[in-house]
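Only one structure is covered here, and it is reproduced in the block below.
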Protein chains: 2
Amino acid sequence: MDQTTQARYEARARVMKALAHPTRLFIIDQLADREECVCELTAMIGADVSTVSKHLLVLRDAGIVDNDKRGNQVFYSLRVPCVTNWYSCVEGVLQADAQQRLAAIR
Amino acid sequence: MDQTTQARYEARARVMKALAHPTRLFIIDQLADREECVCELTAMIGADVSTVSKHLLVLRDAGIVDNDKRGNQVFYSLRVPCVTNWYSCVEGVLQADAQQRLAAIR
DNA sequence: CAGACATTTGGCTATTTTGCCAAACAACCA
DNA sequence: TGGTTGTTTGGCAAAATAGCCAAATGTCTG
């Protein structure tokens with residue numbers, strides 16, 4: 001694998017890695033409909049604000065969300081909405097798994 | 001976030017996490033066309049065989065690949081091909097990033 | 001300006017992930 | 001059977017991640 005190829009896969013992996021956490025996937029889902037402030041997301045998630053803030057930073061660094069400071073609060077929004085399309089595929093993986101486990105039992 | 005919801009996001013995150021590594025993304029790409037043996041993948045990747053084997057185990061545990069032992073060698077194949085569709089979206093994230101950086105320079 | 005509210009940052013520990021080596025296994029071949 | 005090839009497993013050290021608390025920053029309001 002040459003260096004250019006390797007760099008491309010590393011860039012892709014950085015994006016994937018940013019999404020590879022339950023809390024961050026939940027955030028993505030919330031932002032699919034509309035932007036939300038950190039306070040609202042924190043209330044829904046039920047973790048420390050600092051924890052949520054760091055998750056948002058990860059998503060931002062990966063280029064997946066944008067943020068907009070308005071007055072007191074900071075609103076986050078999805079920059080690349082297509083990430084929500086992945087779910088059907090992820091669910092496909094999970095369902096294939098479930099079916100295989102069922103088949104093993106029979 | 002109730003427990004059922006949390007469990008769902010954790011399941012999704014496990015799938016995403018399995019893909020969140022440059023080497024494993026490369027493997028997925030190779031398997032998009034045809035199955036490959038561990039030896040061939042190892043040659044292409046240029047890491048220790050044991051390292052490649054462990055990456056394949058991660059993908060297998062996540063339900064993304066299947067393996068088939070034939071004689072001496074083990075062939076891996078994609079079980080859920082749709083994962084390769086994500087690339088266009090990931091590239092979208094990366095390109096949006098690049099454009100934003102360009103805009104910042106101007 | 002002082003206090004309240006919203007968010008980020010620093011720092012720390014616990015946990016997970018990675019990648020290599022060495023060793024174990026498994027299947028083939030002479 | 002003994003050696004060779006292909007693959008997995010165990011173990012370990014280095015690096016990355018996660019989540020909490022405390023403290024800093026920024027913004028509004030009285």
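Sequence lines set the chain letters: A, B, ... in the order given, protein chains first and strands last, and positions in each chain run from 1. All values derive from a computational prediction rather than experimental measurement.
Applying the side-chain contact (heavy atoms from CB on, under 4.5 Å) test to B:Q6 and every residue at least two apart in sequence or in another chain returns B:E10. By the salt bridge (Lys or Arg N to Asp or Glu O under 4.0 Å) test, B:R34 pairs with B:E36, sequence neighbours left out. Under the salt bridge (Lys or Arg N to Asp or Glu O under 4.0 Å) criterion, B:E40 pairs with no residue, sequence neighbours left out. Under the ring-ring contact (aromatic ring centres under 6.0 Å, His included) criterion, B:F75 pairs with no residue at all, not counting sequence neighbours.
Counting heavy atoms from C-beta on, the side chains of A:V74 and A:Y76 come closer than 4.5 Å. Residues B:P22 and A:R12 are not in side-chain contact: their nearest non-hydrogen atoms beyond the backbone lie 4.5 Å or more apart. B:W86 has its side chain within reach of A:V90: a pair of non-hydrogen atoms, C-beta onward, lies under 4.5 Å apart.
A salt bridge does not link B:R8 with A:E91: none of the charged nitrogens is closer than 4.0 Å to a carboxylate oxygen.
Minimum interatomic distance between A:A32 and A:T84 (heavy atoms only, all atoms of both residues): CB-CG2, 3.8 Å.
The list of ring-ring contact (aromatic ring centres under 6.0 Å, His included) pairs with a residue in residues 24-52 of chain A, not counting sequence neighbours, reads A:F26-B:Y9.
Contacts between residues 64-76 of chain A and DNA chain D, counted as heavy-atom distances below 4.0 Å, involve A:K69, A:G71, A:N72. Remark: A:K54, A:H55 in residues 52-60 of chain A come within less than 4.0 Å of DNA chain D through at least one heavy atom. Contact check of residues 26-50 of chain A against DNA chain D (heavy atom, cut-off under 4.0 Å) returns A:A47, A:D48, A:S50. Within residues 17-24 of chain B, the residues having any heavy atom under 4.0 Å from DNA chain C are, by residue number, B:K17, B:H21, B:R24.
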- Message: Assess the residue pair A:L78 and A:Q30 against the criterion (side-chain contact (heavy atoms from CB on, under 4.5 Å)); give the C-alpha distance rounded to whole Å, side-chain angles, the decisive distance to 0.1 Å, and a yes or no.
- Response: CA-CA 9 Å; A:L78 259 197; A:Q30 296 311 308; over 6 Å; no
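Nucleotides of DNA chain C with any atom under 4.0 Å from a heavy atom of chain A span, from 5' to 3', C:dC5 to C:dG11. Heavy-atom contacts of chain A under 4.0 Å fall on DNA chain D between two terminal nucleotides, which in 5' to 3' order are D:dT17 to D:dC28.
Atom CD1 in A:I27 sits 8.0 Å away from atom OG1 in A:T42 (nearest 0.5 Å). A distance of 10.0 Å separates CG of A:D29 from CE of A:M44, quoted to the nearest 0.5 Å. Taking CD1 of B:I28 as the start and CE of A:M16 as the end, the distance is 9.0 Å to the nearest 0.5 Å.
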Please tabulate, for the side chains in residues 49-66 of chain B, all donor-acceptor contacts under 3.5 angstrom to protein atoms that are two or more places apart in sequence or on a different chain.
unit_1: B:S50; atom_1: OG; unit_2: B:D48; atom_2: OD1; d: 2.7
unit_1: B:H55; atom_1: ND1; unit_2: B:R24; atom_2: NH1; d: 3.0
unit_1: B:R60; atom_1: NE; unit_2: B:N67; atom_2: OD1; d: 3.0

